[in-house]
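For reference, the structure is listed below as structure tokens.
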Amino acid sequence: QVQFVESGGGLVQPGGSLRLSCAASGFTWDRYAIGWFRQAPGKEREGVSCIGRGNGVTKFAPSVRGRFTISRDNANKTVYLQMNSLKFEDTAVYYCAAGLYTSDLLATWYSVRPWDYWGQGIQVTVSS
């Protein structure tokens, strides 16, 4: 049974930081990339970042590049999304996802299509 435990969300002022965590279980960790997506009210779910099986390959949406970093603790099957310099437009429900690490996933990681498993989501609100 695939499970994700997402944590670290909450309310933060513009310019602040949050670190999201996604602890996973129930699938072969070493075969999967882990991604973070977000969905704001009235908008489609969009890819924020992803990380390959090791820590060698990372992807970022243009809107977060330079502000967000992603890392992976393989021993504890946990992925972290460090979010700095947060903006109002970063407000959304954030989801972690797992997908088989393939060339197709790397090419289309920003789409929901190649991702197999999804967490329940966690709210991030940037407000003054």
Side-chain angles (χ1 to χ4, degrees):
Q1 180 180 359
V2 174
Q3 288 187 325
F4 295 95
V5 178
E6 296 156 319
S7 61
L11 175 65
V12 64
Q13 292 186 341
S17 297
L18 285 175
R19 189 177 80 155
L20 303 184
S21 300
C22 173
S25 61
F27 58 92
T28 306
W29 175 258
D30 291 346
R31 297 181 61 194
Y32 282 77
I34 305 295
W36 283 98
F37 284 72
R38 66 187 181 187
Q39 188 167 18
K43 294 189 176 182
E44 292 187 353
R45 193 170 297 189
E46 63 175 2
V48 174
S49 181
C50 77
I51 187 166
R53 290 179 294 179
N55 278 311
V57 177
T58 57
K59 303 283 189 181
F60 296 92
S63 59
V64 307
R65 191 173 291 125
R67 300 188 296 123
F68 291 11
T69 58
I70 190 169
S71 61
R72 179 171 178 143
D73 179 351
N74 291 322
N76 292 301
K77 299 183 180 181
T78 301
V79 169
Y80 302 97
L81 184 70
Q82 178 67 42
M83 305 187 295
N84 299 327
S85 303
L86 283 161
K87 304 176 180 180
F88 292 119
E89 53 264 41
D90 294 318
T91 296
V93 177
Y94 283 70
Y95 300 86
C96 65
L100 278 173
Y101 185 65
T102 64
S103 56
D104 178 62
L105 182 142
L106 286 179
T108 61
W109 71 271
Y110 46 84
S111 165
V112 300
R113 184 182 61 80
W115 299 92
D116 301 306
Y117 307 117
W118 292 86
Q120 77 282 1
I122 189 166
Q123 180 70 45
V124 170
T125 302
V126 183
S127 175
S128 55

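All of these numbers come straight from a predicted model, not from anything done at the bench. For reference, positions follow the sequence shown, starting with 1.
Pairing each heavy atom of I70 with each of L81, the nearest pair is CB-CD1, 4.3 Å. Nearest heavy-atom pair, G52 versus Y101, reported as atom, atom and distance to 0.1 Å: CA-CE1, 3.5 Å. In plain terms, the two heavy atoms of C96 and F4 that are nearest each other are SG-CD2, 3.4 Å. Between A61 and G47, the closest heavy-atom pair is CB-O, 3.4 Å.
In this structure, the side chain of T102 engages the main chain of L105 through a donor-acceptor pair within 3.5 Å. Side chain of D116 to backbone of L100: a donor-acceptor contact under 3.5 angstrom is found. When atom types are taken as modelled, the side chain of W115 and the backbone of W109 share a donor-acceptor pair closer than 3.5 angstrom. Between the side chain of S49 and the backbone N or O of K59 there is at least one donor-acceptor pair closer than 3.5 Å. The closest donor-acceptor contact from the side chain of E6 to the backbone of Q120 lies under 3.5 Å.
Contact annotation: the side chain of S127 approaches that of L11 to within less than 4.5 Å [non-hydrogen atoms, C-beta and beyond]. Between R38 and E46 there is a side-chain heavy-atom pair separated by less than 4.5 Å. The closest side-chain heavy-atom distance from L20 to V124 is below 4.5 Å. Proximity of I51 to V57: side-chain heavy atoms (C-beta onward) are nowhere separated by under 4.5 Å. Under the 4.5 Å side-chain criterion, counting only non-hydrogen atoms from C-beta, Q82 is not in contact with L18. Side-chain contact between T108 and R113: present, with at least one pair of heavy atoms (C-beta onward) separated by less than 4.5 Å. Under the 4.5 Å side-chain criterion, counting only non-hydrogen atoms from C-beta, Y94 is not in contact with Q123.
Cation-pi contact between R72 and W29: present, with separation from the ring centre below 6.0 Å and deviation from the ring axis of at most 45°. Relative to the ring axis of Y80, R19 places its NZ or CZ within 45° and under 6.0 Å from the centre.
Both W36 and V2 are assigned to one and the same hydrophobic cluster, defined by single-linkage of ILVMFWY side chains at heavy-atom distances under 4.5 Å.
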Practice item. For side chain to side chain contact (heavy atoms under 4.5 Å, CB included), just list the numbers for F37 and V112, CA-CA rounded to whole Å, side-chain angles, deciding distance to a tenth of an Å, and then say yes or no. Key: CA-CA 8 Å; F37 284 72; V112 300; 4.1 Å; yes
Practice item. Step by step, work out the side chain to side chain contact (heavy atoms under 4.5 Å, CB included) result for C50 and Y110. Key: CA-CA 8 Å; C50 77; Y110 46 84; over 6 Å; no
Exercise for review: Begin with the C-alpha distance, continue with both residues' side-chain angles, and end with the deciding distance and a verdict on side-chain hydrogen bond (donor to acceptor under 3.5 Å, both in side chains) for T91 and E89.
Suggested key: CA-CA 5 Å; T91 296; E89 53 264 41; over 6 Å; no
Practice item. Test side-chain hydrogen bond (donor to acceptor under 3.5 Å, both in side chains) on D73 and T78 and set out the steps. Key: CA-CA 5 Å; D73 179 351; T78 301; 5.6 Å; no
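Here the straight-line distance linking atom OG of S25 with atom CD of Q3 works out to 4.5 Å at 0.5 Å rounding. Rounding to the nearest 0.5 angstrom, the gap separating the SG atom in C22 from the CD1 atom in I122 is 10.0 Å.
The pair K77-D30 fails the salt-bridge criterion, with no side-chain N (NZ, NE, NH1 or NH2) lying under 4.0 Å from an Asp/Glu carboxylate O.
Ring orientation note: the planes of Y32 and Y117 are tilted relative to one another, at an angle of 30° to 60°. Using cut-offs of 30° and 60° for the angle between ring planes, the W118 and Y95 rings count as perpendicular.
Other residues, nucleotides and ligands contribute more than 12 heavy atoms inside 6.0 Å of the CZ atom of R65.
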